[in-house]
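The block underneath contains the structure these notes are about, expressed in structure tokens.
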Amino acid sequence: MHATKSFFDTDARTLALRLLGATLHRRFAPRRIATLRIVETEAYVGPEDACSHARNAKRTERNRAMFGPPGIAYVYFTYGMHHCFNVVCGNPDRPAAVLIRAAEPLRLAHLLRSAPHAKAPTSGPARLCRALDIDRRLDSIPLRPCAPLWISPGEPPRRVAVSARVGVSQGSAWTTAPLRFFDPESPWVSTRRGPYAGSILSDPAARPYHPGLWFLRSGDRPTEG
DNA sequence: ATTTAGATCCTCT
DNA sequence: GAGGATCTAAATG
């Protein structure tokens with residue numbers, strides 16, 4: 001079983017929630033495929049999102065994958081040394097994507113590459129890409145089975161925690177929008193400090209996405225454990 | 001345990 | 001020429 005087109009063909013917030021617990025497959029060679037459980041995601045919801053690379057629907061050479069069809073990869077390079085991996089969703093008129101921030105290695109973890117002394121080599125978007133050898137060569141590729149990279153549905157986490165997105169530009173309401181999602185029980189989550197501690201999303205299905213500043217009315221409970 | 005500075009270069013203005 | 005959806009090591013309390 002792999003993710004069908006409709007799995008990705010939805011808004012970014014829905015996909016970010018849907019990807020928690022899903023399985024990420026990285027194919028290094030024909031029979032060398034590492035699998036990981038996705039535990040942390042961020043939604044970049046559309047052209048109105050001031051923190052998105054596709055803000056104002058402005059096309060550039062870098063972000064062109066975000067304007068492509070649902071289910072392709074968007075891999076970008078940043079800070080002179082790091083790559084980050086996103087799953088494209090939405091449609092060409094509403095460029096949107098989900099950043100994969102952390103995953104738990106499940107199988108063939110020995111294939112992963114990491115920094116010499118990294119304790120949590122797949123916790124954090126750039127660490128994950130380093131461990132999985134993801135770079136711009138994989139930008140825009142369709143995420144389908146036997147590709148270098150694909151995703152299959154998995155068991156959702158028991159609970160979902162939500163927080164502001166990490167490291168996004170300051171100065172707009174989008175900076176603090178609750179668009180980062182993670183499994184509060186996973187030790188592989190990248191950070192839980194300060195504003196990123198998160199709060200429990202009591203009923204994800206009951207909080208449908210509405211375009212605009214919907215998140216300003218937020219009533220989630222504080223986390224514990 | 002928490003904070004800070006530096007790395008490092010591609011992309012866009 | 002400036003800044004970035006980050007990370008690490010070093011310094012500080």
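Since the model is a prediction, treat every value here as computed from it, not as a measurement.
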Nearest atoms (heavy-atom pairs only) where [X] meets [Y]:
X	Y	result
A:P153	A:F7	CG-CE1, 4.0 Å
A:V39	A:S186	CG1-OG, 3.5 Å
A:S123	A:A102	CA-CB, 4.0 Å
A:L112	A:L36	CD2-CD2, 4.3 Å

- Task: Run through A:R37, A:R159, A:R192 and flag the one making a salt bridge (charged side-chain N to carboxylate O under 4.0 Å, His left out) with A:D183.
- Result: A:R37
- Out of A:L179, A:L99, A:I100, which one pairs with A:E42 under the side chain to side chain contact (heavy atoms under 4.5 Å, CB included) rule? A:L99
[atom1] of [X] versus [atom2] of [N]: gap in Å, rounded?
X	N	atom1	atom2	result
A:R130	C:dC7	CZ	C1'	10 Å
A:E42	C:dA5	CD	P	11 Å
A:M66	C:dA5	CE	P	11 Å
A:N86	C:dT6	CG	P	11 Å
A:R113	C:dC7	CZ	P	19 Å
A:E40	C:dT6	CD	C1'	13 Å

Hey, is the main chain of [Y] close enough, under 3.5 Å, to the side chain of [X] for a donor-acceptor pair?
X	Y	value
A:R136	A:V75	yes
A:R26	A:L132	yes
A:D49	A:Y44	no

Nucleotide N/O of nucleotides 1-4 of chain C paired with protein N/O under 3.5 Å:
from, atom 1, to, atom 2, distance (Å)
C:dG4, N2, A:Y79, N, 3.4
C:dG4, N2, A:G80, N, 3.4

- Note on the structure: Pairing string of DNA chain C (Watson-Crick or G-U wobble, both atom distances under 3.5 Å; | = paired to other strand) is ||||.|||||||.
- Query: Could you give all pairs that pass the salt bridge (Lys or Arg N to Asp or Glu O under 4.0 Å) test and reach residues 68-81 of chain A, with sequence neighbours left out?
  - Reply: none
Pick out the pairs of N or O atoms, protein on one side and nucleotides 10-12 of chain C on the other, that lie under 3.5 Å.
none

- Partners passing ring pair (Phe, Tyr, Trp, His ring centres under 6.0 Å) against A:H82 (at least two apart in sequence or in another chain): none
- Quick one: is C:dT6 close enough that its OP1 or OP2 comes under 4.0 Å of any side-chain N or O from A:R101? yes
- Task: Could you tell me how the ring of A:H53 sits relative to the ring of A:Y76: parallel (under 30°), tilted (30 to 60°) or perpendicular (over 60°)?
- Result: perpendicular
- How would you give the extent of chain A contacts on DNA chain B, as first and last nucleotide 5' to 3' within a 4.0 Å heavy-atom cut-off? B:dT2 to B:dT13
- Message: Under a 4.0 Å threshold between the charged nitrogen and the carboxylate oxygen, would A:R180 count as salt-bridged to A:E40?
- Response: yes
- Among C:dC7, C:dA5, C:dT8, the one nearest A:R127 by side-chain distance: C:dT8
